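Working notes, structure below.
Both counts, for ligands and for their atoms, begin at 1 and track the order of listing. Values in this document were obtained by computation on a predicted structure and should not be read as measured data. Hydrogens, waters and symmetry mates play no part in the numbers below; they use all other heavy atoms, side chains included.
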Amino acid sequence: MHSSQDNIYATALDKVADFVFDDRVAGVFSDMIKRSVPGYAQIVAGIGDFAGQFAEPNTRLYDLGCSLGASTLSMRRHIAERGCSITAVDNSAAMIERCREHLNAYVSDTPVELVCADIRDIDIENASFVVLNFTLQFLPPEDRDALLKKIYQGLRPGGALILSEKLRFSDDVIQQVIDKQHLDFKRANGYSELEISQKRSAIENVMKTDTLEIHQQRFANAGFRHHSVWFQCFNFASMVAVK
Ligand SMILES: Nc1ncnc2c1ncn2[C@@H]1O[C@H](C[S@+](CC[C@H]([NH3+])C(=O)[O-])CC(=O)[O-])[C@@H](O)[C@H]1O
Ligand SMILES: O=C(O)C(=O)Cc1ccccc1
């Protein structure tokens, strides 16, 4: 197992294709997400702490859009209850393959079921804890409400959902000043202007961000009466919702 530096957008491309989670991206993903998402490490650590708080004996925990398994590993380290299992799902075969290697590199009493599937097609049952760590933003916007409803239905009373997302701001001035902070974060992490702009073109059609207000409305529509942002750095936020 090795992780390489992300230089996917370092050379000028004639045409920037839509971003996909293929083998090439999977191979550099740890580096890419750390250098692109401010607060990522703190959020993943927090997900582990929340898992420790919400895991109930003989229940399931879900990591939806698990990529290389960072959130699953963090959850697994904090589960002290008996009879828990984690279901980690991603529809990228390249991610699932590498995720399996990461999980096998550590020992744990908590079993992980790794599923290569679309999170819109899986059943969610007997869940004490569900994680969507930067995954909902990749679903077509019209499919997001149904997924949150399915999660709410699959959660046990007192169970929780963690939803982390890149936010968009309806106020244009705020959008611009906070986006500048994110761009500076990427520059400080060694991304060139070319890399930043080509990546931006690659994700603009596949990652449609919502405002915080839309997320709050979606939680309420799904049935969640308790929800709050628990972490935010610039335009990246993580929310907790409790059934
Ligand atoms: N419909 C879908 N069904 C299943 N998987 C999907 C779908 N759409 C996208 N994905 C998967 O969601 C993941 C999003 S990355 C999550 C990071 C991780 N949670 C982490 O804590 O490190 C976030 C990012 O790249 O910004 C990718 O692995 C996709 O293949
Ligand atoms: O890179 C960015 O600018 C982002 O907004 C976040 C991101 C991180 C990893 C894959 C896709 C998007």
Side-chain angles (χ1 to χ4, degrees), residues 3 6 8-9 16 18-48 50-51 62-76 86-99 102-103 114-122 124 130-144 146-147 150 162-168 178-187 189-191 193 195-209 231 233-238:
S3 50
D6 168 26
I8 290 180
Y9 297 103
V16 180
D18 279 352
F19 188 85
V20 282
F21 292 98
D22 58 10
D23 200 56
R24 191 151 168 247
V25 167
V28 299
F29 188 73
S30 308
D31 180 66
M32 174 187 280
I33 196 147
K34 268 183 250 153
R35 289 165 66 210
S36 306
V37 176
Y40 174 76
Q42 292 99 311
I43 292 170
V44 169
I47 284 170
F50 277 119
Y62 289 84
D63 181 6
L64 306 179
C66 60
S67 298
L68 302 179
S71 300
T72 292
L73 282 169
S74 184
M75 287 155 74
R76 199 172 64 167
I86 302 176
T87 304
V89 185
D90 204 291
N91 65 350
S92 159
M95 289 290 193
I96 289 288
E97 207 175 291
R98 285 180 164 80
C99 184
H102 285 236
L103 296 177
L114 252 188
V115 185
C116 190
D118 193 304
I119 56 176
R120 289 167 291 187
D121 298 333
I122 60 144
I124 296 183
V130 178
V131 172
L132 278 168
N133 199 34
F134 301 108
T135 304
L136 191 70
Q137 60 198 13
F138 292 103
L139 279 197
E142 63 272 21
D143 293 348
R144 296 176 187 177
L147 180 69
K150 177 169 79 173
I162 299 293
L163 172 65
S164 312
E165 292 271 290
K166 184 178 189 177
L167 298 179
R168 164 174 70 79
I178 293 186
D179 188 50
K180 164 96 167 57
Q181 293 295 115
H182 179 224
L183 291 182
D184 287 348
F185 172 86
K186 292 185 86 162
R187 290 177 185 121
N189 285 327
Y191 282 122
E193 300 308 313
E195 285 178 289
I196 291 170
S197 75
Q198 292 194 134
K199 169 83 177 286
R200 181 154 286 211
S201 316
I203 61 176
E204 71 186 356
N205 292 327
V206 293
M207 199 182 108
K208 302 277 185 202
T209 52
F231 182 94
C233 186
F234 310 140
N235 42 353
F236 291 82
S238 188

Under-4.0 Å heavy-atom contact with ligand 1, by part of Gln137 that carries it
side chain
To check your reading of the model: name the closest protein heavy atom to atom 9 (C) of ligand 1, its residue, and the distance in Å.
Phe138 CB, 3.9 Å
Do Ser71 and Asp63 meet the criterion of a side-chain donor-acceptor pair at a distance under 3.5 Å?
no
Compare all side-chain heavy atoms of Leu163 with those of Glu165 and state whether any distance is below 4.5 angstrom.
yes
Numbered atoms and elements of ligand 1 in range of Met95, under 4.0 angstrom, heavy atoms:
28 (O)
Among all protein non-hydrogen atoms, which one is nearest to atom 30 (O) of ligand 1, and what is the separation to 0.1 Å?
Asp90 OD1, 2.6 Å
Is Lys166 close enough and on-axis enough to Phe134, meaning under 6.0 Å and within 45°, for cation-pi?
no
Report yes or no: does His182 have a heavy atom closer than 4.0 Å to ligand 2?
yes
Got the closest protein heavy atom to atom 7 (C) of ligand 2, with its distance?
Lys199 NZ, 3.8 Å
What I'd like to find out is whether the side chain of Met32 reaches to under 4.5 Å of the side chain of Ile8, using heavy atoms alone.
yes
To the nearest 0.1 Å, how far is atom 19 (N) of ligand 1 from its closest protein heavy atom, and which atom is that?
Gly65 O, 2.7 Å
Could you check atom 2 (C) of ligand 1 against the protein and tell me its nearest heavy-atom contact, residue, atom and distance included?
Asn91 ND2, 3.3 Å
Output yes when Arg200 and Asp179 qualify as a salt bridge under the 4.0 Å nitrogen-oxygen rule, no when they do not.
yes
Within-4.5 Å side-chain heavy-atom neighbours: Ile119 and Thr135
yes
Aromatic contact, Tyr9 with Tyr191 (centres under 6.0 Å):
no
Per-atom contacts of ligand 2 with Lys186, taking only distances under 4.0 Å to non-hydrogen atoms
1 (O), 2 (C), 3 (O)
Check each atom of ligand 1 against the heavy atoms of Asn133 and keep those under 4.0 Å away; list them by number with element.
16 (C), 17 (C), 18 (C), 19 (N), 20 (C), 21 (O)
List ligand 1 atoms under 4.0 Å from Ser71, heavy atoms only on the residue side.
20 (C), 21 (O)
Which residue supplies the protein heavy atom nearest to atom 22 (O) of ligand 1, what is that atom called, and how far is it?
Tyr40 OH, 2.5 Å
Apply salt bridge (Lys or Arg N to Asp or Glu O under 4.0 Å) to residues Asp118 and Arg120 and explain how you reach the verdict.
CA-CA 5 Å; Asp118 193 304; Arg120 289 167 291 187; 2.6 Å; yes
Of the non-hydrogen atoms in Met75 and Ile86, which two are nearest, and what is the gap between them?
CB-CD1, 4.1 Å
Atom 5 (O) of ligand 2: closest protein heavy atom, distance to 0.1 Å, is Lys166 NZ, 2.8 Å
Arg98 to Phe29 six-membered ring, cation-pi geometry met (6.0 Å, 45°):
no
With a 4.0 Å cut-off on N to O distance, would you call Glu193 and Arg187 a salt bridge?
yes
Quick one: does Asp63 get an N or O within less than 3.5 Å of an N or O on ligand 1?
no
Closest by any non-hydrogen atom to atom 16 (C) of ligand 1: pick that one out of Ser36, Ala117, Ser67.
Ser67
Side chain to side chain donor-acceptor pair (under 3.5 Å) with Asp184: which of Gln181, Lys186, Lys180?
Lys180
With heavy atoms of Ser92 as the reference, note each atom of ligand 1 found under 4.0 Å away.
30 (O)
What part of Leu68 sits under 4.0 Å from ligand 1 if we count only heavy atoms: the side chain, the backbone, both or neither?
neither
Identity and distance of the protein heavy atom lying nearest atom 3 (N) of ligand 1:
Ile119 N, 3.0 Å
What protein heavy atom sits nearest atom 1 (N) of ligand 1, and how far off is it?
Asp118 OD1, 3.1 Å
Heavy-atom distances under 4.0 Å decide this one: backbone, side chain, both or neither, for Phe134 against ligand 1?
both
On the 0 to 90° scale, with breaks at 30° and 60°, tag the Phe185-His182 ring pair as parallel, tilted or perpendicular.
parallel
Relative to the heavy atoms of Leu139, which atoms of ligand 1 are at a distance of less than 4.0 Å?
1 (N)
